[in-house]
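A short worksheet on the structure shown next.
Predicted model only: the values in this text are computed from it and were never measured.
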Protein chains: 2
Amino acid sequence: MPGLPFDVLAEPQRRRILDLLREEERPVGELVALLAASQPAVSKHLRVLREAGLVEVRTDAQRRLYRLRAEPLREVGEWLEPYRRLWERRLDDLERHLGTIPG
Amino acid sequence: MPGLPFDVLAEPQRRRILDLLREEERPVGELVALLAASQPAVSKHLRVLREAGLVEVRTDAQRRLYRLRAEPLREVGEWLEPYRRLWERRLDDLERHLGTIPG
DNA sequence: CAGTCATATAACCAACAGGGCATACTGAGT
DNA sequence: ACTCAGTATGCCCTGTTGGTTATATGACTG
């Protein structure tokens with residue numbers, strides 16, 4: 001499933017979920033509260049994230065604890081890599097340019 | 001328009017366009033040929049990219065030369081940053097783990 | 001200015017995504 | 001077994017997206 005992580009990240013709410021799980025493992029209900037979203041909506045996003053391998057579930061009694069799996073994001077990072085130089089170079093240019101002003 | 005670049009990158013064809021423009025400035029027709037896509041489809045993607053600030057156009061007679069603007073990708077890179085450590089750490093763990101086997 | 005090349009836009013369409021509500025499932029406690 | 005908490009799923013509805021074909025625009029050419 002190449003490209004999948006890009007699709008998944010297109011959804012703002014899903015990025016927020018990942019951000020929350022980056023801090024720590026959380027049950028669905030907590031995500032629902034923190035995101036101020038409906039429970040089914042969150043469950044649906046979690047399903048998508050799970051199918052993309054971006055989260056793992058662990059069962060704890062009635063609750064399901066979701067944990068981040070960052071590895072699929074590597075693909076995004078690798079795609080982005082060659083661009084990084086470009087936007088950094090552009091920053092350098094700006095800095096150099098600004099440097100010429102106060103002189 | 002925060003989050004916009006994420007949406008834009010969700011489309012594989014658009015990522016390919018950016019990859020092509022990363023090499024050099026190109027007219028629409030060239031992109032059409034290289035992507036084996038229809039001209040209107042490509043123009044549409046270019047519009048989306050333009051509105052997201054990811055490309056710039058320059059007119060050269062009848063042709064429009066498109067050039068990459070990587071700067072908006074910075075937002076993606078910054079979002080991704082905290083995750084990078086995680087997937088790299090995970091790789092370290094794996095290596096360390098493998099290291100314990102042969103010993 | 002008629003014709004043509006390169007590109008953009010319009011109109012339309014099929015597919016899909018994300019939200020809501022209602023409901024099914026699962027494990028614990030009684 | 002009944003019930004409740006926590007979560008997943010099904011179904012419906014709506015907005016959006018990406019593609020297609022046909023047409024408009026704009027610039028050069030004879």
Side-chain angles (χ1 to χ4, degrees), chain A residues 1-21 24-69 72 76 79, chain B residues 1-21 24-69 72 76 79:
Chain A
M1 290 116 160
L4 223 175
F6 287 94
D7 278 288
V8 170
L9 296 186
E11 247 291 320
Q13 207 74 312
R14 282 197 289 258
R15 291 197 300 274
R16 297 190 61 203
I17 291 178
L18 292 179
D19 286 338
L20 289 170
L21 294 181
E24 57 176 332
E25 189 180 46
R26 295 182 197 269
V28 178
E30 194 173 327
L31 295 173
V32 169
L34 291 169
L35 296 172
S38 78
Q39 176 265 309
V42 172
S43 277
K44 218 178 154 188
H45 283 310
L46 287 170
R47 181 194 240 277
V48 174
L49 289 166
R50 205 181 339 128
E51 289 174 347
L54 281 163
V55 300
E56 275 175 356
V57 213
R58 183 167 68 93
T59 296
D60 167 53
Q62 308 95 332
R63 298 185 309 168
R64 311 289 175 90
L65 299 180
Y66 281 82
R67 181 184 1 157
L68 178 67
R69 273 196 64 235
V76 179
W79 182 86
Chain B
M1 286 115 164
L4 224 175
F6 287 94
D7 278 289
V8 170
L9 296 186
E11 246 291 320
Q13 206 73 314
R14 282 198 289 260
R15 292 197 299 275
R16 296 190 61 201
I17 290 178
L18 292 180
D19 286 338
L20 290 171
L21 294 181
E24 57 176 332
E25 189 180 46
R26 295 183 199 267
V28 178
E30 194 173 328
L31 295 173
V32 168
L34 291 169
L35 297 171
S38 80
Q39 176 265 308
V42 172
S43 277
K44 254 178 126 178
H45 284 309
L46 287 171
R47 180 194 242 278
V48 174
L49 290 167
R50 205 180 340 127
E51 289 174 347
L54 281 163
V55 299
E56 275 176 355
V57 213
R58 182 167 68 93
T59 295
D60 168 53
Q62 309 96 329
R63 299 184 308 166
R64 310 289 176 91
L65 299 180
Y66 281 82
R67 183 186 358 159
L68 178 66
R69 274 194 65 234
V76 179
W79 182 86

(message) Is there a side-chain contact between B/Y66 and the phosphate of C/dA8, meaning an N or O under 4.0 Å from OP1 or OP2?
(response) yes
(message) Applying a 4.0 Å non-hydrogen cut-off, can you work out what A/E11 is touching in the nucleic acid: base, sugar-phosphate, or nothing?
(response) sugar-phosphate
(message) Expressed as a whole number of angstroms, how long is the span from A/E51:CD to C/dG18:P?
(response) 12 Å
(message) Keeping A/R64 on the side-chain end and A/V57 on the backbone end, is there a donor-acceptor pair under 3.5 Å?
(response) no
(message) How many whole angstroms separate atom CZ of A/R47 from atom C1' of C/dG19?
(response) 16 Å
(message) Please compare A/A10 and B/R50 by the position of their nearest nucleotide in DNA chain C and report the one closer to 5'.
(response) B/R50
(request) Let me know the distance between CZ of A/R15 and P of C/dG18, rounded to the nearest Å. (result) 12 Å
Pick out the pairs of N or O atoms, protein on one side and nucleotides 25-30 of chain C on the other, that lie under 3.5 Å.
residue: C/dA28; atom: O4'; partner: A/Q62; partner atom: NE2; Å: 3.3

(message) When you compare the side chain of A/V55 with that of A/L18, does any pair of heavy atoms fall below 4.5 Å?
(response) yes
(request) Write down the atom of A/L68, the atom of A/L54, and the distance for their closest heavy-atom approach. (result) CD1-O, 3.6 Å
(request) Verify, without hydrogens or angle tests, whether A/R14 (side chain) and A/L9 (backbone) share a donor-acceptor contact under 3.5 angstrom. (result) no
(message) For DNA chain C, which residues of residues 25-38 of chain A approach it to below 4.0 angstrom with any heavy atom?
(response) A/S38
(request) Taking the side chain as every heavy atom from C-beta outward, state whether B/L20 and B/L35 have any atom pair closer than 4.5 Å. (result) yes
(message) Just the rounded figure in Å: distance from C1' of C/dC21 to CD of A/Q39.
(response) 12 Å
(message) I need the minimum non-hydrogen distance between B/P5 and B/P72, along with the two atoms involved.
(response) CG-O, 3.8 Å
(message) If I take atom CG in residue A/D7 and atom P in nucleotide C/dC16, what distance separates them, rounded to the nearest angstrom?
(response) 12 Å
(request) Could you pull out the closest heavy-atom pair between B/V32 and B/A37, with the gap in Å? (result) CG1-O, 3.2 Å
(request) Please list, in 5' to 3' order, the outermost nucleotides of DNA chain D lying under 4.0 Å from any heavy atom of chain B. (result) D/dG18 to D/dC28
(message) For a quick check of understanding: with a heavy-atom distance under 4.0 Å over all strands, which category does A/R14 fall into, base, sugar-phosphate or nothing?
(response) sugar-phosphate
(message) Rounding to an integer number of Å, can you tell me how far A/K44 NZ sits from C/dC16 P?
(response) 13 Å
(request) Would you indicate whether the side-chain heavy atoms of B/D60 and B/P27 approach each other to under 4.5 Å? (result) no
(request) Measure across B/V76 and B/F6 and return the closest heavy-atom pair with its distance rounded to 0.1 Å. (result) CA-CZ, 3.9 Å
(request) Measure across B/D7 and A/A10 and return the closest heavy-atom pair with its distance rounded to 0.1 Å. (result) OD1-O, 3.8 Å
(message) Under a 3.5 Å distance rule, please check whether B/R69 uses its side chain to pair with a backbone N or O of B/G53 as donor and acceptor.
(response) yes
